[in-house]
Amino acid sequence: MAQQEDLDELARRRGFFWPSYEIYGGVGGLYDLGPNGTSVKNRIIQLWRDHFIRSSEYPMVEIETPMVTPYEVLEASGHVESFTDPLTICPKCHRVYRADQLAESQLGVKTEGMTIEQLNELYSKETVKCEACGTRLETVQSFNLLFQTWIGPFNSERAFLRPETAQGIFTAFKRTFETARRKLPLGVAQVGRVARNEISPRQSLIRMREFTIMEFEFFFDPEDANALPKKVADTEVRIKLSSGQLYVGTLGDALKKGYVANAWMAYFIHQTLGFMNALGFSTAEVLFLEKGEKERAHYSSQTFDVMVPTKGWGDIEVAGIAYRTDYDLRHHSQKSGEDLSVSVALPQPYARTVVRAKVDRAAIGKRFGERSKEVIDAINQLAASGMPQGRIVLNLSFGSVELDEGIVKFEEVSERVTTRKFYPHVVEPSFGADRLLYAVIDHSITEREGRKILSLPAALAPYDVAVFPLIDDESMKAKALSLVSMLKSSGFYVFYDDDGTIGRRYARVDEIGVPWAITVDDRSIKGEGVTIRDRDSWQQWRVADDQVLSVLGRLRSGEKLYQMDLPRER
RNA sequence: GCGGCCAUCGUCUAGCCUGGUCGAGGACGGCAGCCUUCCAAGCUGUUGACCCGGGUUCAAAUCCCGGUGGCCGCACCA
């Protein structure tokens, strides 16, 4: 793949990224970002924050939680189980099988919940064969993508590095929700590093063992049917359904036809498309790919991968939009014992009649002693299922018990119901910052007269503007340097260079994607302004000294040089 | 994890098969200088590499073994 190597070569040479720990031979799946790569990535993150948090029409907050995650958190989330596959590999034909499933189908034994050791024992005692070539399979190994570690000395508490930032958001939900004054919907965002111990990391920045995720969990009331804003309903998208059908049409229609699970999913598809547009991808280049049931993560009931084309690696996934339902909050509630459900006021409170048990606790205590709690629980349970008729008989762990009339009385009570309790549902858009960095660079590389140009969107360039004296001349340098400090104090990232010839300097900044270059020439010395060059067209205009700031400001907000009615230079 | 191919200055590469002539050559880049008034110009100088560890040999960039890493395929994974 020549294109891919081209990009890697440019990335190394110009300080975007390179393999980590190179002086020790490198480690697969770990990459350093160089100065330019770091700048561009930071700007991608900045743009993401602007788009999804700062400009959000709905409440959206950002938090930060640790990478180190206790064992039980990822156990509750299902990752301990779902990220570990017991695998067996045929020594002869190298086919790989899920060891538990293969044994279950061939030996008819239940393997659910078996450890790797138990499976290994099973494989050494019984004969399990490769389904393709018949070779006996003898060993089982575990592939868990979670990076394991320990908290504290003496290996006391097992822990993992998080595979997603989402679990920190779920485990902090109660406090975050409280801070947001208990209102739904609520988006909680997090940008952070995650680690996955990939079996076989490849493809440059696309599959790494440690990377940055930008994601948010958008919590909403599943019964609060929100109407799709018109601008969202009218948005044209390309969706490839899990059935294989390609749908090209509006989000409103996709929702009506049931292609998209709910209005919030549709809304965030729209928002995601807008973000991808800002990164330079046209709507026609962005494909929302629905994942089939078996391809989805364990927590998801609908997932769209966001795919963009690259020259080096074909279509790559840069984001996922998953409908996680109430899976995570529900499981964390069960596991932790903390109630993570929320209550909302009903618009129309209503009355209902319930059965209440009035218990003579003193009598219960005398008769049942330390078993009293079980008895009382059983009585309440009985009451919950309606008014008991006839004799009161309870089936308890220590036998059947009949209660006397006097010890408990049931009565119907009218009760006002003013709230509804539920686990918020969650839509999770999750972006891979490093994959986006790769995709943006790939997308931006063009060639002109044998030179490489990185046509990054201006908002993503590592520098806003370059400043050059045309030649190595003291007065030109002095003027250029004072321009540099003026621009810096006005908030621009400025690249200054007075080395070599002007053409070489233009070529250098073209390669790192600097959108504009200001050159100080002999006319500038006479007070006749400076030239400003456009990276992509190589055209130049002359700008008066006192116009430089405003021209750059207009450029930054999206205006083009040729629209500004400036004198053309060359 | 498996199989095939591969690993030399920052980058691209010559050399390896047939061990010594390699104190590892070139190009581009970088740096310093000269020259230069708008697109990698020219000249001079300079910087800088045999992936790591063993072995064979008088002698290893070169042959052998192991490791690490990369690419491709299979498999796995989101």
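Convention: sequence-line order gives letters A, B, ...; per-chain numbering from 1.
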Is there a donor-acceptor contact under 3.5 Å from the side chain of A:E217 to the main chain of A:V427?
no
Say you pick atom P in B:rC77 and the same atom in B:rA14; how far apart are they, in whole Å?
40 Å
Could you tell me whether the phosphate oxygens of B:rA41, OP1 or OP2, come under 4.0 Å of any side-chain nitrogen or oxygen in A:T501?
yes
Quick check: does any side chain N or O of A:E290 sit under 3.5 Å from a backbone N or O of A:S242, one acting as donor and the other as acceptor?
yes
Could you check which of B:rC38, B:rU36, B:rC71 has an atom nearest any side-chain atom of A:W313?
B:rC71
If you look at every strand shown and take non-hydrogen atoms under 4.0 Å, does A:T303 touch a base, only sugar-phosphate, or nothing?
nothing
From CZ of A:F431 over to C1' of B:rA78, roughly how many Å is that when rounded to an integer?
15 Å
B:rG48 to B:rC9 separation - C1' atoms, rounded to the nearest Å:
5 Å
Does A:R533 contact B:rC38 through a side-chain donor or acceptor facing the base, at a distance under 3.5 Å?
no
Check the distance between B:rU37's C1' and A:E474's CD and give it to me in whole angstrom.
16 Å
Considering the options A:R13, A:R535, A:R504, which one meets the salt bridge (Lys or Arg N to Asp or Glu O under 4.0 Å) requirement together with A:E511?
A:R13
Side-chain donor or acceptor of A:R504 under 3.5 Å from a matching atom on the base of B:rC39?
no
By nearest-heavy-atom nucleotide on RNA chain B, the more 5' of A:S204 and A:R14 is A:R14
Taking only the side-chain heavy atoms of A:D305 (C-beta and beyond), determine which of B:rA40, B:rU37, B:rA78 contains the nearest atom.
B:rA78
Give A:R435 one of three labels, base, sugar-phosphate or nothing, depending on what nucleic acid heavy atoms sit under 4.0 Å from its own.
nothing
Do the side chain of A:D521 and the main chain of A:R523 share a donor and acceptor less than 3.5 angstrom apart?
yes
To the nearest angstrom, the CG-P distance between A:L205 and B:rC71 comes to 12 Å
Looking only at atom C1', what distance separates B:rU18 and B:rC63, rounded to whole Å?
11 Å
Rounded to whole angstrom, note down the P distance from B:rC6 over to B:rG10.
23 Å
Integer angstrom distance from the P of B:rU11 to that of B:rG70:
16 Å
NZ or CZ of A:R568 within 45° of A:W541 ring axis and under 6.0 Å
yes
Give a yes/no verdict on a cation-pi contact between A:R505 and A:F468, requiring under 6.0 Å between NZ or CZ and the six-membered ring centre and an angle within 45° of the axis.
yes
Can the positive tip of A:R451 be found less than 6.0 Å from the middle of the six-membered ring of A:W538, inside 45° of the ring normal?
yes
Value in whole Å for how far the P atom of B:rU37 lies from NZ of A:K477:
15 Å
Could you tell me whether A:F431 and A:F52 have their ring centroids closer than 6.0 angstrom?
yes
Considering every strand and a 4.0 Å limit on heavy-atom distances, what is the contact class for A:G320: base, sugar-phosphate, or nothing?
nothing
Ion pair A:E317/A:R435, N-O distance below 4.0 Å:
yes
Under-3.5 Å N/O pairs linking protein and nucleotides 9-14 of chain B:
from   : atom 1 : to   : atom 2 : distance (Å)
B:rU11 : O2'    : A:E9 : OE2    : 2.9

For RNA chain B, consecutive-pair runs of 3 or more (Watson-Crick or G-U wobble, both H-bond-type distances under 3.5 Å) give B:1-7 with B:68-74, B:10-13 with B:25-28, B:30-34 with B:42-46, B:51-55 with B:63-67
Closest to the A:Q540 side chain: B:rC38, B:rU37, B:rU36?
B:rC38
Could you state the CG-P distance from A:D498 to B:rC35, rounded to the nearest angstrom?
16 Å
Using the C1' atoms only, state how far B:rA7 lies from B:rC52, rounded to an integer number of Å.
12 Å
Assign each of A:T519 and A:D499 to its nearest nucleotide of RNA chain B by heavy atoms, then name whichever residue's nucleotide is nearer the 5' end.
A:D499
Presence of salt bridge, A:R193 and A:D434, under 4.0 angstrom:
no
How would you label the contact of A:D472 with the nucleic acid (heavy atoms, under 4.0 Å): base, sugar-phosphate, or nothing?
base
Any base atoms under 4.0 Å from A:E511, or only sugar-phosphate, or nothing? Heavy atoms, all strands.
base
Rounded distance in Å between the C1' positions of B:rC64 and B:rC2
23 Å
For the aromatic rings, using the six-membered ring if either is Trp, is the centroid distance between A:Y463 and A:Y493 under 6.0 Å?
no
Between N or O atoms, less than 3.5 Å apart, protein on one side and nucleotides 6-8 of chain B on the other: list the pairs.
none

So, are A:D510 and A:K452 salt-bridged, with charged N and O less than 4.0 Å apart?
no
Separation of B:rA40 C1' from A:I453 CD1 (nearest whole Å):
12 Å
Nucleotide of B:rA78, B:rG30, B:rU36 approaching A:R508 most closely (side-chain heavy atoms)
B:rG30
Please give, in whole Å, the distance from B:rA40 C1' to A:F468 CZ?
12 Å
So that I can tick it off, tell me whether A:D472 and A:K477 are bridged by a salt bridge, with the cut-off set at under 4.0 angstrom between side-chain N and carboxylate O.
yes
When the C1' atoms of B:rA60 and B:rG55 are considered, how many whole Å apart are they?
11 Å
Steps toward side chain to side chain donor-acceptor pair (under 3.5 Å) verdict (A:E164, A:S430)
CA-CA 9 Å; A:E164 55 174 10; A:S430 174; over 6 Å; no
Nucleotide B:rC77, atom P - distance to NE2 of A:H79 in whole Å:
14 Å
